[in-house]
Amino acid sequence: MAKLSVSDLDVRGQRVFVRVDFNVPLEEKDGRMVITDETRIRETLPTLQLLISKGARVILASHLGRPDGQIVPSMSLAPVAVRLSELLGHPVRFVESCVGPQAAAAAAALQPGDVALLENVRFHAGEEANDPAFAEELAAVADTYVNDAFGTAHRAHASTEGVARVVARRGGRCASGLLIARELQFLGDELENPARPFVVILGGAKVSDKIQVIDRLIEKADAILIGGAMAYTFKLALGAKVGLSLVEKDKTHVALEALAKAKQRGIRFVIPSDNIVATPVDSGKKDKKGRPKMNLTNPRVNTGDNIPDTEEGVDIGPATSAAYAEILAGAKTILWNGPMGIFEDPRFAEGTFAVAKAVAAATAKGAKSIIGGGDSVKAINKAGLGSQVTFMSTGGGASLEFLEGQVLPGVAALQDK
Ligand code: 3PG
Ligand code: MG
């Protein structure tokens with residue numbers, strides 16, 4: 001059943017507690033934290049503008065990073081309040097604590113149409129623990145609850161789930177924001193009965209991360225194109241040698257089951273026919289986890305079935321890129337989740353960018369293209385094609401769990417229409 005929407009509510013004069021996902025990437029520059037991607041802030045503007053125009057007293061809450069219940073100044077939402085105010089063209093008051101007297105005083109001072117942003121909810125351990133007492137504290141400033149934090153909807157935390165229960169128990173309303181509604185429309189409804197051919201591109205490191213999505217999409221797609229390191233697990237399962245490629249040796253049976261299911265359903269399931277490979281060489285340095293840091297040297301195209309023992313697959317090859325582009329050219333609906341290679345390194349980004357270009361070209365010819373969040377959104381933005389696809393999800397883990405068919409606790413907590 002459809003969820004109650006913020007657009008259904010009359011909230012004039014009410015204190016509306018809005019959970020947003022302002023977990024944006026930040027970088028330190030000249031002693032200040034600077035936002036490096038503001039997509040998640042921009043995407044909440046329609047909901048916030050609606051609430052302002054309805055005369056609500058708007059109280060925003062979000063997490064940022066993983067401060068683990070401690071106050072970590074570099075994870076403060078203060079820079080987000082500044083940027084949000086600029087984007088809204090409307091003052092945003094920043095409140096230095098999300099609960100207690102400061103939050104209460106800020107909420108009491110709000111006039112209809114005013115907006116306040118509370119400090120990082122994860123500065124309190126009760127947030128991630130979904131502690132009922134902490135949820136009560138948050139709810140102290142809420143007459144109505146709106147959740148627009150799609151990126152965090154897979155977490156059952158106090159501000160995404162617990163507060164909704166408190167507000168509902170008091171007879172208040174709990175509605176979805178416009179961003180959550182759009183995410184559910186594109187990642188859900190639009191893929192239920194897609195215009196065909198429906199082509200799915202799946203990349204990323206691990207088969208085990210994506211197998212539930214693969215399993216579910218085999219039922220719906222006409223073609224599934226595989227890339228990223230998970231392709232090497234498929235290759236290994238089919239008896240090829242994968243050299244030093246990232247691979248899940250214990251997941252080959254999972255790969256074979258997916259291939260068998262695709263065959264039984266008569267859909268195209270395509271594994272790269274060629275790859276870019278490189279030779280890893282120990283740099284003498286260690287990474288963050290203390291493992292030896294490898295330099296990837298001597299990149300080249302490998303057209304054979306096998307990858308030599310001393311080399312590692314790092315991207316799909318040109319023949320695969322061309323084959324994928326041709327399949328995508330005929331698509332009417334496209335879903336893309338996960339890069340084709342190590343696109344952060346320009347030497348290994350061509351496969352991912354070729355797919356991004358092919359998705360944009362198909363969209364220009366009328367296909368509906370849906371980008372399933374996280375790294376694929378980063379990649380399409382890096383390719384400069386973000387504005388040329390139909391929809392980009394703001395969720396990483398959340399969109400993946402939703403595509404797997406899981407119930408998102410942050411959505412389940414909202415009231416039905
Ligand atoms: C995200 O960016 O994945 C969401 O904001 C959720 O954050 P989390 O993965 O730290 O729970
Ligand atoms: Mg995450």
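Owing to the predicted nature of the structure, the values given are computational and were not obtained by experimental measurement. Start at 1 and go down the list; that is how both ligands and their atoms are numbered.
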Note, Ile41 side chain near Leu87 side chain (heavy atom, < 4.5 Å): yes

Asn23: numbered ligand 1 atoms lying under 4.0 Å from its heavy atoms: 1 (C), 2 (O), 4 (C), 5 (O), 7 (O)

Within-shell test, Gly397 vs ligand 1, heavy atom, strictly < 4.0 Å: no

Nearest atoms (heavy-atom pairs only) where Ala195 meets Thr333: O-OG1, 2.6 Å

Per-atom contacts, ligand 1 versus Arg122 - under 4.0 Å to a heavy atom: 7 (O), 8 (P), 10 (O), 11 (O)

Part of Glu128 within contact of ligand 1 (heavy atoms, under 4.0 Å): neither

Contact atoms of ligand 1, heavy-atom distance to Thr152 under 4.0 Å: 5 (O)

His154 N/O to ligand 1 N/O under 3.5 Å: no

Heavy atom of the protein closest to atom 11 (O) of ligand 1 (residue, atom name, distance): Arg155 NE, 2.6 Å

Check ion pair Lys261-Glu257 (N to O, under 4.0 angstrom): no

Atom 4 (C) of ligand 1: nearest protein contact (heavy atom, Å): Gly151 O, 3.3 Å

Identity and distance of the protein heavy atom lying nearest atom 7 (O) of ligand 1: His63 NE2, 3.2 Å

Crowding at CG, Asp287 (>12 non-hydrogen neighbours, <6.0 Å): yes

Any donor-acceptor N/O pair, Tyr145 side chain to Arg165 backbone, under 3.5 Å: no

Check: residues 396-403 side-chain donor-acceptor pairs under 3.5 Å, at least two apart:
residue: Ser399; atom: OG; partner: Gly372; partner atom: O; Å: 3.1
residue: Ser399; atom: OG; partner: Gly395; partner atom: O; Å: 2.7
residue: Ser399; atom: OG; partner: Gly396; partner atom: O; Å: 3.0

For Asp21, atoms of ligand 1 separated by under 4.0 Å from a heavy atom: 4 (C), 5 (O)

Test item: Glu312 and Thr279 side chains (from C-beta on) under 4.5 Å apart, heavy atoms: no

Min N/O separation His157 to ligand 1 under 3.5 Å: no

SB check Glu248 Lys210 (cutoff 4.0 Å): no

